[in-house]
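All remarks here apply to the structure that follows.
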Protein chains: 2
Amino acid sequence: MTVTLADVAARAQVSPATVSRVLNGNYPVAAATRERVLRAVDDLDYVLNGPASSLAAATSDLVGILVNDIADPFFGIMASAVQSEITGPGGRAGGERMAVVCNTGGSPERELTYLTLLQRQRAAAVVVTGGAIEDAPHAAAIGGKLRRLGDAGSRVVLCGRPPTGAAPDAVALTFDNRGGGRRLTDHLLGLGHRRVGYIAGPTERTTTRHRLEGHQEALAAAGVADDPLLTLHGPYDRRSGYDATLELLRREPRLTAIVAANDTVALGACAALRDRGLSIPGDVSVAGFDDLPFSIDAVPALTTVRLPLHEAGARAGRIAMGREEEPPGGIATVHGELMVRGSTGAPRQH
Amino acid sequence: MTVTLADVAARAQVSPATVSRVLNGNYPVAAATRERVLRAVDDLDYVLNGPASSLAAATSDLVGILVNDIADPFFGIMASAVQSEITGPGGRAGGERMAVVCNTGGSPERELTYLTLLQRQRAAAVVVTGGAIEDAPHAAAIGGKLRRLGDAGSRVVLCGRPPTGAAPDAVALTFDNRGGGRRLTDHLLGLGHRRVGYIAGPTERTTTRHRLEGHQEALAAAGVADDPLLTLHGPYDRRSGYDATLELLRREPRLTAIVAANDTVALGACAALRDRGLSIPGDVSVAGFDDLPFSIDAVPALTTVRLPLHEAGARAGRIAMGREEEPPGGIATVHGELMVRGSTGAPRQH
DNA sequence: CGAGGCGTAGCAAGCGCTTTCTACTGGGGA
DNA sequence: TCCCCAGTAGAAAGCGCTTGCTACGCCTCG
């Protein structure tokens, strides 16, 4: 049957306790004994029983990463960065921790389910990425869950999500979506655009609201009226950008610029414009958000706001592992950088 | 302190055994008793201890997914698909299984480490994606590990990787990389191209070799000499495509087409051509592989081979959960579909 | 020469759950 | 009326590991 610690102990002629200590390396063991034990481990092809070990030690080496959609590079990049920092010393046997990437699909129910699952596994840490749902009951439920996770000893880090009042000891690395949105629209207004369409993300999400608010702030500051007909909501996908662009064109033929909720949506917008025979930025300028890797390969290259996804994820990972100090107050704002490229230009003259 | 089964039992005035049975739902419990137990669970905010439960039951609800790079949509899409099928009935408490996505970075050492970690956790199943390393010792080590995982009760599914002799009971869903490569180059040759550059992936990987072999097969079938100077190797990234394209142009100014190892590499190639002032496909045709979502948004849209990543991942997930029959012989080949788009055309006339 | 330490190793008590086996009920058939 | 069985609940034995405490040398210092 399966080899247990006791088998190894027997073969090495030591007690199980000694084997455990050799494996965990947190207690002095004579070199000769250690050798003998390690050889026995090797001979028997022994693999530690994780659950048993977690139970006895009341800790686990699982780190949960919650993402909306792992197929979206926005989340993939963050998840990858978190994971790259998850490993390393300070841990238990092997020093390796496992990252559990959980796909919530943006649904608060699934988010809650996964948090419970992670709590069940006594996860060492949990990193929650992506914007939050702005629904009071859900927010409270998730906040409560996060607090309980924290109480149970898991370190909780929010990455790209505003802090939750309900989970005071969770560290939050928040993206400056509002500021980014503001700068993007400022840029377009500066070029002379006045009729700017906005393709927002799904309603009820903090990310969507903040980016949109930045846009509106810029309009207000420039004294440009915010025509509600020029703002459309939809999911964060290409299709939404495509459809919304056609709709915007229908509503406002004099449109000279489109700001999209993110780069993927922007690509959809570009496709729609091309299909309509409009040139970018000659007829209509387009801007995205996030600066995902493919944005630079769009033709023309996409003007967008670069979010340091990798850096933010890595930092979240380090904080989750206790390898980096928490920001003061447990909150840090991560700023985006405006990347002006070919997809935006001065509006055509009438 | 933390609430345990016993606490719930006490509050519901039943034995711990009964609580366990209510939670697992695999033993008759009178409705009234169940009610009482569930209320107690709710009142106390009880969360099952995963490690303890896994230890006692000798199973776990973890499913491992090994990927080379989670930030790459190629893997993100598959991981997402696997995960979408991982959930559901047939499982234990809650019926929810957790997908553990492990980033190996393509390194066999990390691959091995993660497999050990999964073995440690007594994973219910393991899905390994991406091509294999063609290094005998490593292949043997990984094969052996997979076999032992299988012996220990984990279901093992390879997705997009050729079967391993060392792990006979692992199911393999293999991509027809050779056939896809063949069709892609056939298409180019059919258009009249004769000087075709090939930007391959890293050496020593099955994916790289198979795609390249398909290309060479097509050349041979058409009686076109395979000039070794026109094949370059590099990583699966944009940079590699960019650099290799410049090098190809240097080596062979009469080049009229470039086949890239995958879409990302192809995008790099396009960027290099644009920077050189060459038009696509007027001066040089470009083709990719995989048909990742952004490929259609390239300008011109990329000719490529569509791999049904989502379908394959979903199928792998279902097989891993025992919800779909294994293919005969444990091996199935997944074919790609040639997507002819704007980036390829007839070569310019000299 | 004896006492106190230090360096190692073992004992044994759990960690919180699952599950087998046993026990108790009430109802129906002989 | 008695027995047996179906239905339900409990007792208790682990699952394989960690770790506090104890034990045993042997060395060094007084």
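This one's a predicted model, so the numbers in the text were calculated from it and none came from an experiment. Letters go in sequence order (proteins before strands), and every chain restarts at 1.
Counting only heavy atoms from C-beta on, B/L5 has its side chain closest to C/dT18 among D/dT18, D/dG16, C/dT18. Looking at the side chain of B/S15, the nearest of the listed nucleotides D/dT18, C/dT18, D/dA11 is D/dA11. With distances taken from any side-chain atom of A/V29 to the nucleotides C/dG16, C/dA9, D/dT8, the minimum falls on C/dA9. Here the side chain of B/Y46 is nearest to one of C/dC11, D/dG10, C/dC17, namely C/dC17.
With 3.5 Å as the limit, one finds no donor-acceptor pair spanning the side chains of A/S107 and A/T104.
Between the CG atom of A/N26 and the C1' atom of D/dT19 there is a distance of 9 Å, given to the nearest Å. Summarising the geometry, the separation between CG on A/L44 and P on D/dG16 is reported as 15 Å, rounded to the nearest angstrom. Between the CD atom of B/Q121 and the P atom of D/dG16 there is a distance of 15 Å, rounded to whole Å. Distance A/L55 CG to C/dT18 P: 12 Å, rounded to the nearest Å. Atom CZ in A/R120 sits roughly 12 Å away from atom C1' in C/dC17 (whole-Å rounding). Distance, A/L48 CG to D/dT18 C1': 10 Å, rounded to whole Å.
Rounded to 10 degrees, the angle separating the terminal axes of the helix from C/dC1-D/dG30 to C/dA30-D/dT1 is 50°, with each axis obtained from five end pairs.
Listed pair A/T33 / C/dA9 meets the phosphate criterion, a side-chain N or O lying under 4.0 Å from OP1 or OP2. Note on B/N24: a side-chain N or O is less than 4.0 Å away from OP1 or OP2 of C/dT18. Side-chain N/O atoms of B/S20 include one lying less than 4.0 angstrom from OP1 or OP2 on C/dT18.
A distance-only check finds a donor-acceptor pair linking the side chain of A/R155 to the backbone of A/A320 [under 3.5 Å].
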Dump the pairs, protein N or O against N or O of nucleotides 21-27 of chain C, anything under 3.5 Å, distances to one decimal.
none

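Nucleotides of DNA chain C nearest to B/T18 and B/P51 differ in position, and the one nearer the 5' end is that of B/P51. Mapping A/P16 and A/P28 onto DNA chain C by nearest heavy atom places A/P28 closer to the 5' end of the strand.
Note on B/A30: only backbone sugar-phosphate atoms sit closer than 4.0 angstrom, heavy atoms only; bases stay farther off.
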Side chain to side chain donor-acceptor pair (under 3.5 Å), that's the test. Do B/T116 and B/T113 meet it? Break it down for me.
CA-CA 5 Å; B/T116 301; B/T113 305; over 6 Å; no
